[in-house]
S.K.: 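Below is the structure I would like to discuss, written out as C-alpha cells.
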Amino acid sequence: MKAAIIGSGYVGLVSGACFAEVGHSVICVDTDGDKIDALKKGGVSIYEPGLDELVKSNLASRRLAFTTDVGKAVRESELIFIAVGTPSKPDGGCDLAQVRQASWEIGRSLGDDYKVIAVMSTVPIETGDEIEKIITRSSGSLNFDLVSNPEFLQEGSAVGDRMNPRRIVIGAGSGKAAALLEEFYKPFGSEVMTTDRKTAEMAKYACNAFLATKISFINEIATICEEVGADVTDISKIMGKDPRIGPHFLNAGLGYGGSCFPKDTRSLDQIANLKGHYFALLKSVIEVNNIQRQRLLRKILYELQPIDNKRLAVLGLAFKPNTDDIRESIAVDLVGDLLEKGARVKAHDPIASTNASKILGGGVCSSDLNEVVAGSDAVIIATEWPVYRELDLEYLKKVVAEPVIFDGRNVLDPDKAFRAGFKYFGTGRQKRQPDIEGIGSFSETFIEAGDGQSA
Ligand code: UGA
C-alpha cells in the first residue's frame, strides 16, 4: 500500500522505514529541507539502533522516499500518517501548532479519492475532532476518515518495537477506515485492537501515565529503603515476580525524563483539570519525579561538602541508554546544577555528548571515558549505559583522585564497588563505606541477577 508520513522525527522516520521494510511504498515528509536532503542520501541524524541500515536498504529498494512537499505525498498516498511533534507548552499543556499546520496542509492536497488520515502523534483527547474539522475546512471534502493510531515505541528499541508491536490500536469511527489500516498492519502479524477515536487517544496517555506511576512509586520506595537500610533493587525483583505487578519499569533512579513521560503526564493532568477532575495520583507522580531529580544532587552536595572546585565525573547524558536524545534529560540537568554549585564537572556519554555539548559546552562533555574519570573526586552514574555496568573498578580506583561512586541508576554491584575500595552511594540502597562495613544485602543467590529488569 502507499503511505505518506508527515513528520520525519523519531516516530515518523522509524515508522516509515519499518513500513517500507514490510513492503509498503512510503514517502516521508518534513519541513526541514536540510534533514530531507540528508535522508535522501541515507543520512540519518538521530541515533537509533538498526535505523540507519533500514533507511539505506529501503531507499535502495525504492520503497522509501523523502520530500518536503506535503501535497505530492498526500496525492500519491491512500493512507496518511500525522507524526509531527507535540511538545509541552509552558503551562504544561500540549502544543498542537505542528499538528494543526500539518492537518491544514493535508486538507489542501486531498483530491477526489477517499483517504484515511491516521494520527500517530500523541495528542490530547478530542484532538481528533479538531483535526477532522481543520481538514474538512481546508479540503472542502468529506471523502476521508480521521483515525487515531497511537504508537508505543521506546527510543533505543524503536525499530524492534515497530517491527514486533505488542498491539496495534486503531481508533476509528468508520469500519472502512479500520479495515484499511488493519490491512496495512497485516504484515506485522500483531493483535489489532479497534476502538473509537477518543478511547485510542486516551489509551496512549493512560499507558504512559501508568508507566510513569510505576517509576515514581519505586522511587518513593527507594527513598524509604535508604532510611531503613533495605535494598530497592532486590525489592523490584521480588515485586516483579508477581505477574499482577510485572517486572518492568521498577528501576529506581533519577526519575523519568525524555520527550514523552514528562510531557504526557503534564498534558494528561491538564486535560483532567480542564474536565473538572483533580487527578490526585498523577499530580503526585509528577511531584515525586520532580523531587527525585533533586535527591541525588542533595546527596552529592552533602557527602562532598564543600563542593567548590571538586572535580566530578558524570557518566551518562542521554535521558536513557541507547539513544542520543537529551530532551528533558535529568543527567544534563544534574550536570548544570553541579556546575552552578561550583563543582568542576566533566561528563561522558558514548553517543549523546555532542548533543549535550550544545547545552553544557564542549569543555564539559566528552565521549572519552578515561579522560572524564581521570583525577576525579567522585564518579556519578546518571544514565545506565551498559558500558558503565562493565566498568573495571580496579582500574577506576587507580585513575580517580578519590574513590567515591554515586550510582544514580543502580548499575553497579555495591559489594564489588566496596571491595574495590570505593565509597558507594546507590539509590535506595545502603551506603557502602568503611564505617558501615559488614551490613549485607539480600543474597544474590536468592534472585537471578538481572532477572526481570528493563533496560
Ligand atoms: C516511552 C514509552 O515507554 C513508550 O511506550 C512510548 O511509546 C513513548 O514513551 C512515547 O510516548 O512515544 P521513551 O520515552 O522512549 O518511551 O522511554 P522509556 O524507556 O519509557 O523511559 C522513559 C524514562 O523513564 C527514562 O528517563 C528512563 O530512564 C526512565 N525509567 C524507565 C526509569 O527511571 N525507570 C524504569 O524502570 C524505566
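Throughout, numbering of the chain's residues begins at 1 and tracks the sequence. Both ligands and their constituent atoms are indexed starting at 1 by order of listing.
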S.K.: Should you measure from each heavy atom of G257, which atoms of ligand 1 turn up under 4.0 Å away?
M.R.: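 Result: 22 (C), 23 (C), 25 (C), 26 (O).
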S.K.: With only distance considered, is S259 within less than 3.5 Å of ligand 1 through an N or O on each side?
M.R.: no
S.K.: Return a yes/no value for F261: is any of its N or O atoms, backbone included, closer than 3.5 angstrom to an N or O of ligand 1?
M.R.: no
S.K.: Is the Lys NZ or Arg CZ of K431 less than 6.0 Å from the centre of Y424's six-membered ring, within 45° of the axis?
M.R.: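 No - K431 does not lie over the ring of Y424 by the 6.0 Å and 45° rule.
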S.K.: Going by heavy-atom distance to atom 17 (O) of ligand 1, choose the closest among R166, E155, K320.
M.R.: K320
S.K.: Please work out whether any backbone atom (N, CA, C, O) or any side-chain heavy atom from C-beta onward of E151 is under 4.0 Å from ligand 1, and answer side chain, backbone, both or neither.
M.R.: both
S.K.: Has C260 got any heavy atom lying under 4.0 angstrom from an atom of ligand 1?
M.R.: yes
S.K.: Would you mind telling me if ligand 1 is within reach of the side chain of N208, the backbone, both or neither, using heavy atoms under 4.0 Å?
M.R.: side chain
S.K.: Hey, does S329 sit under 4.0 Å from ligand 1 if you only count heavy atoms?
M.R.: no
S.K.: Tell me, please, which residues at least two apart from A209 pass side chain to side chain contact (heavy atoms under 4.5 Å, CB included).
M.R.: L268, L282
S.K.: If you count every heavy atom of other residues, nucleotides or ligands that lies below 6.0 Å from K341 atom NZ, does the total exceed 12?
M.R.: no
S.K.: Name the option, out of L153, N322, T383, V11, that contains the heavy atom nearest to atom 8 (C) of ligand 1.
M.R.: L153
S.K.: Enumerate the residue pairs fulfilling ring pair (Phe, Tyr, Trp, His ring centres under 6.0 Å) with a member in residues 80-100, sequence neighbours excluded, ordered by first and then second residue.
M.R.: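 Every ring pair (Phe, Tyr, Trp, His ring centres under 6.0 Å) pair that includes a residue of residues 80-100, provided the two are not neighbours, is F19-F81, F81-F184.
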S.K.: Nearest heavy atom to atom 30 (N) of ligand 1 wins, so pick from D264, I215, N289.
M.R.: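 That would be I215.
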S.K.: Using a 4.0 Å cutoff against the non-hydrogen atoms of Q154, which atoms of ligand 1 qualify?
M.R.: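 That gives atoms 3 (O), 4 (C), 15 (O), 16 (O), 18 (P), 19 (O), 20 (O) of ligand 1.
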S.K.: Knowing that exactly one of K204, R162, R166 qualifies, which makes a salt bridge (charged side-chain N to carboxylate O under 4.0 Å, His left out) with E151?
M.R.: K204
S.K.: Heavy atoms only: give me the nearest Q430-G229 pair and the separation to one decimal.
M.R.: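 In this case the closest contact between Q430 and G229 is NE2-O, 3.1 Å.
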S.K.: Consider ligand 1: state whether an atom of it lies below 4.0 angstrom from any non-hydrogen atom of K214.
M.R.: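 No.
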S.K.: Please confirm whether N251 comes within less than 3.5 Å of ligand 1 when only nitrogen or oxygen atoms on both sides are compared.
M.R.: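 Yes, N251 has an N/O under 3.5 Å of an N/O on ligand 1.
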S.K.: Show the numbers, then the answer: is there a salt bridge (Lys or Arg N to Asp or Glu O under 4.0 Å) between K35 and D30?
M.R.: CA-CA 8 Å; K35 185 199 268 182; D30 206 281; 3.3 Å; yes
S.K.: Can a side-chain donor-acceptor contact be found between N219 and S216 if the only test is distance below 3.5 angstrom?
M.R.: no
S.K.: Contact between E328 and ligand 1, counting heavy atoms under 4.0 Å?
M.R.: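 No, that is not the case, since the closest heavy atom of the residue is not under 4.0 Å from the ligand.
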S.K.: If you count heavy atoms of other groups shown closer than 6.0 angstrom to CD of E53, is the number above 12?
M.R.: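 More than 12 within 6.0 Å, yes.
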S.K.: Is G258 in polar range of ligand 1, meaning some N or O pair under 3.5 Å apart?
M.R.: no
S.K.: Verify the neighbour count for atom CZ of F152: are there more than 12 heavy atoms of other residues, nucleotides or ligands below 6.0 Å?
M.R.: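 Yes, enclosed.
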